[in-house]
Protein chains: 2
Amino acid sequence: MSYIFSTMDSNQRITIKDIARLTGLSKGTVDRVLHNREGVSKKSYAKVMKVIQDLGYEPNLFASLLAHNKKRTVAVLLPNYNAGEFWELAEAGLRKGAEAVHAFGIEIHRIGYDQYNLDSFHKAAEEVLAMNPSGVVLAPMFKDDSFIFVRRLHEKGIPYVYIDTKLECGGYLAYFGMPLYQSGYLCAAILTDAHKDVQEVAVVRVQRDKHGQSDPTIYRREGFIDYISKHFPSCKMRSVFIDPKKPEEIDGILEEFFNLHPDVRHIAMYNSRIYLVTPFLERHPERNYRVVGFDNLAANLAGLKNGTVTALIAQRPDEQIHNAIGTLSDYIVFGKAPAKRDNFVSMDILTRYNEEYY
Amino acid sequence: MSYIFSTMDSNQRITIKDIARLTGLSKGTVDRVLHNREGVSKKSYAKVMKVIQDLGYEPNLFASLLAHNKKRTVAVLLPNYNAGEFWELAEAGLRKGAEAVHAFGIEIHRIGYDQYNLDSFHKAAEEVLAMNPSGVVLAPMFKDDSFIFVRRLHEKGIPYVYIDTKLECGGYLAYFGMPLYQSGYLCAAILTDAHKDVQEVAVVRVQRDKHGQSDPTIYRREGFIDYISKHFPSCKMRSVFIDPKKPEEIDGILEEFFNLHPDVRHIAMYNSRIYLVTPFLERHPERNYRVVGFDNLAANLAGLKNGTVTALIAQRPDEQIHNAIGTLSDYIVFGKAPAKRDNFVSMDILTRYNEEYY
DNA sequence: TTTTTATTCGTTACCGTGCACGATTCGCAA
DNA sequence: TTGCGAATCGTGCACGGTAACGAATAAAAA
């Protein structure tokens with residue numbers, strides 16, 4: 001049960017020159033046939049095709065790529081960030097990815113937009129289209145407008161890869177992200193772990209504006225709710241809304257809310273901003289809240305260390321970006337489609353005991 | 001927050017010819033410097049190095065590969081199989097992988113061995129070493145001898161990738177397989193799911209011979225035992241041993257064993273051969289055994305369909321092989337190390353209700 | 001100084017494909 | 001038959017890097 005995978009018997013690969021010799025034609029004509037270019041007589045066409053079929057010609061990828069010697073660009077469309085915010089974590093992966101594909105003549109252009117400002121997304125999207133890239137990596141934070149955007153990419157034949165969130169319509173080359181529903185489920189499991197009975201949980205949420213933003217956290221919410229209602233059917237789930245853009249209001253809102261609901265001992269947050277809650281938690285150590293959030297931002301890790309945050313569920317945004325760029329490059333340069341379309345990164349559970357090794 | 005990743009300001013990549021021109025030397029000398037070949041004066045060496053540093057030269061991979069124009073071989077060292085056995089599932093992935101890397105001038109040689117015969121492994125290993133491959137994919141079924149084998153690969157500088165099982169020593173390029181401990185844990189969870197109390201479970205096992213075979217199922221066993229003893233501390237775990245090479249004995253052994261232990265209602269098996277048990281199960285439908293096994297062999301799926309097997313935990317051997325070959329090829333051809341060293345495939349739970357969509 | 005040997009370097013012919021340019025052939029009408 | 005445009009085809013260079021070959025120079029021996 002030993003054998004060799006090989007398309008031909010001879011161990012020497014056949015080249016264009018071989019075909020030319022065998023057909024009595026020239027390289028140029030063979031090349032025209034191979035690329036379906038005009039200016040070839042039917043007879044010559046048939047002769048070349050026959051040899052190709054018989055001997056199983058396949059072009060030398062390296063020679064072809066060298067002859068083209070194209071420089072291509074890949075646009076990466078991501079939200080801007082301030083220091084310490086989620087998208088900063090992706091930056092290292094961007095850099096690594098750019099390095100990795102640079103050898104293939106691919107240049108990475110990062111285009112930023114304000115994830116709370118639709119106009120800025122429009123401008124960024126236009127910029128991407130204007131540069132006519134060979135591929136696009138994007139985090140589709142604005143649902144409807146991202147949809148329009150990727151449709152235009154599709155029309156121009158530009159492959160695109162989703163990061164973090166994806167839109168539920170076909171056409172994308174790949175997706176890299178966390179399994180969102182499961183992450184919400186896991187969040188609830190960690191939050192209530194080792195508790196026989198939980199009567200009330202609170203979720204700190206961010207009020208989104210109206211512009212049809214794609215909110216990945218709704219899937220987390222579903223998973224979270226499913227777990228809670230399965231394991232603690234009588235548990236009440238309360239939401240309190242805060243606005244990250246008005247940090248001065250947050251403490252007041254939380255104080256008021258938790259005074260109103262003094263029995264709550266479990267707090268979760270679906271996005272990466274649990275650090276907005278830690279100042280409140282630090283002022284009430286006696287209440288012993290059990291707190292679970294997402295993502296290993298520096299500020300969140302500080303919450304783990306000082307004991308206000310019980311656990312974080314982390315993904316690896318850098319790895320996601322890195323893989324996204326790699327997949328896109330393989331497709332652009334070699335025409336290799338990815339093995340899996342939807343690629344889920346692992347969900348890493350961080351506590352004060354393991355965070356420093358992450 | 002938009003920027004371009006680029007190692008140099010000019011958008012034109014620098015070539016060997018550029019360096020030659022700038023140093024007043026020739027391409028040949030530059031090439032000698034780049035490859036640390038002898039025959040270059042210190043002065044010339046320094047001149048070239050300076051330009052390389054200043055302008056940030058990096059070679060064109062495609063041109064280099066074209067110039068070398070090597071044909072390389074990758075050896076895939078796997079157990080032989082009879083129709084319907086586990087390793088047959090990997091074959092499709094082998095073929096796909098071979099096709100995918102063929103464009104890079106890599107030829108896949110499959111070398112088979114009998115997983116129950118150490119001598120045949122030795123012969124196969126020698127064959128691999130004799131062909132001096134550029135890389136090796138292997139399933140290390142014989143622990144000690146595989147260790148010796150990979151050490152020899154290591155000495156020759158040949159990279160290797162583990163499939164299915166791995167040896168717990170460094171040096172391998174990557175590993176693709178199922179998380180074994182977790183799969184055993186999961187197996188126990190499925191087996192006892194929805195049961196408040198389980199007093200007795202049976203595991204059908206295969207007696208291995210003495211030759212220090214690497215038995216991946218021991219890790220499954222650990223996970224299985226951990227789950228059971230955590231959730232059902234008083235549960236008794238019984239083992240019954242069968243020999244796949246003597247199928248005519250099996251039914252008798254099982255009849256005897258289960259007559260001796262009439263209270264057993266849960267049966268598990270750590271390897272892919274649960275189909276060996278189905279004939280027995282078919283004769284005792286009234287006992288309503290709950291049965292969990294591994295891998296989607298056709299014979300196992302038949303067990304799902306006729307109701308004798310409750311669930312199967314499947315991996316995707318074809319995908320594992322495919323990825324292993326791809327990883328190896330990326331490393332050999334482009335020098336790209338894999339993103340992750342240990343790559344776990346998902347554990348897919350198959351029941352009679354979802355198996356046909358797998 | 002001349003001859004020999006060692007060191008250093010330039011020249012050149014590839015690797016296989018892409019493509020522009022110019023050459024050749026063909027069909028058809030004058 | 002000649003002429004002429006269109007169809008068809010061959011030639012040759014480019015892409016960037018590799019490495020064998022031998023030429024030129026420097027160092028050592030005579």
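Chain identifiers are assigned alphabetically (A, B, ...) following the order of the sequence lines, protein sequences preceding nucleic acid strands; residue numbering begins at 1 within each chain.
An end-to-end axis angle of 70° holds for the helix from dT1(C)-dA30(D) to dA30(C)-dT1(D), taken from five base pairs per end and rounded to 10°.
One atom, CZ of F104(B), and another, C1' of dC15(C), lie 17 Å apart when rounded to the nearest Å. Note: CZ (R21(A)) to P (dT17(C)) measures 13 Å, nearest angstrom. In this entry the distance linking NE2 of H35(A) with P of dA20(C) reads 12 Å, nearest Å. Here the C1' atom of nucleotide dC14(C) and the CG atom of N60(A) are 14 Å apart, to the nearest Å.
Looking at residues two or more places apart in sequence or on another chain, you find a salt bridge (Lys or Arg N to Asp or Glu O under 4.0 Å) between E126(A) and R152(A). By the salt bridge (Lys or Arg N to Asp or Glu O under 4.0 Å) test, R32(A) is found to be paired with no residue, residues two or more places apart in sequence or in another chain being considered. Applying the salt bridge (Lys or Arg N to Asp or Glu O under 4.0 Å) test to R151(B) and every residue at least two apart in sequence or in another chain returns nothing. In this structure H154(B) satisfies the side-chain contact (heavy atoms from CB on, under 4.5 Å) test with no other residue, sequence neighbours excluded. Listed by chain and residue number, F121(B) satisfy the ring pair (Phe, Tyr, Trp, His ring centres under 6.0 Å) test with Y113(B) (two or more places apart in sequence, or in another chain). Residues passing the side-chain contact (heavy atoms from CB on, under 4.5 Å) test with K70(B) are H68(B), R72(B), sequence neighbours excluded. For E127(B), there are no salt bridge (Lys or Arg N to Asp or Glu O under 4.0 Å) partners, not counting sequence neighbours. Listed by chain and number, the residues in a ring pair (Phe, Tyr, Trp, His ring centres under 6.0 Å) with Y45(B) amount to none (sequence neighbours excluded).
More than 12 heavy atoms of other residues, nucleotides or ligands lie within 6.0 Å of NZ in K336(A), so this atom counts as buried by the packing criterion.
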request  = Determine, for nucleotides 7-12 of chain C in 5'-to-3' order, which nucleotides have protein heavy atoms under 4.0 Å from the base (write B), from only the sugar-phosphate (write S), or from neither (write -).
outcome  = -SBBB-

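Think of the region where chain A sits on DNA chain D: with heavy atoms and a 4.0 Å cut, that region ends 5' and 3' at dT8(D) to dG16(D).
Across all strands shown, I16(A) has heavy atoms under 4.0 Å from sugar-phosphate atoms exclusively, and none from any base.
Taking the centre and axis of the six-membered ring of F5(A), the NZ or CZ atom of R95(B) falls outside the cone set by 45° and 6.0 Å.
For residues 33-43 of chain A, the pairs satisfying salt bridge (Lys or Arg N to Asp or Glu O under 4.0 Å) are D31(A)-R37(A), with sequence neighbours left out.
The side chain of N69(B) contributes an N or O atom lying less than 4.0 Å from OP1 or OP2 of dG16(C).
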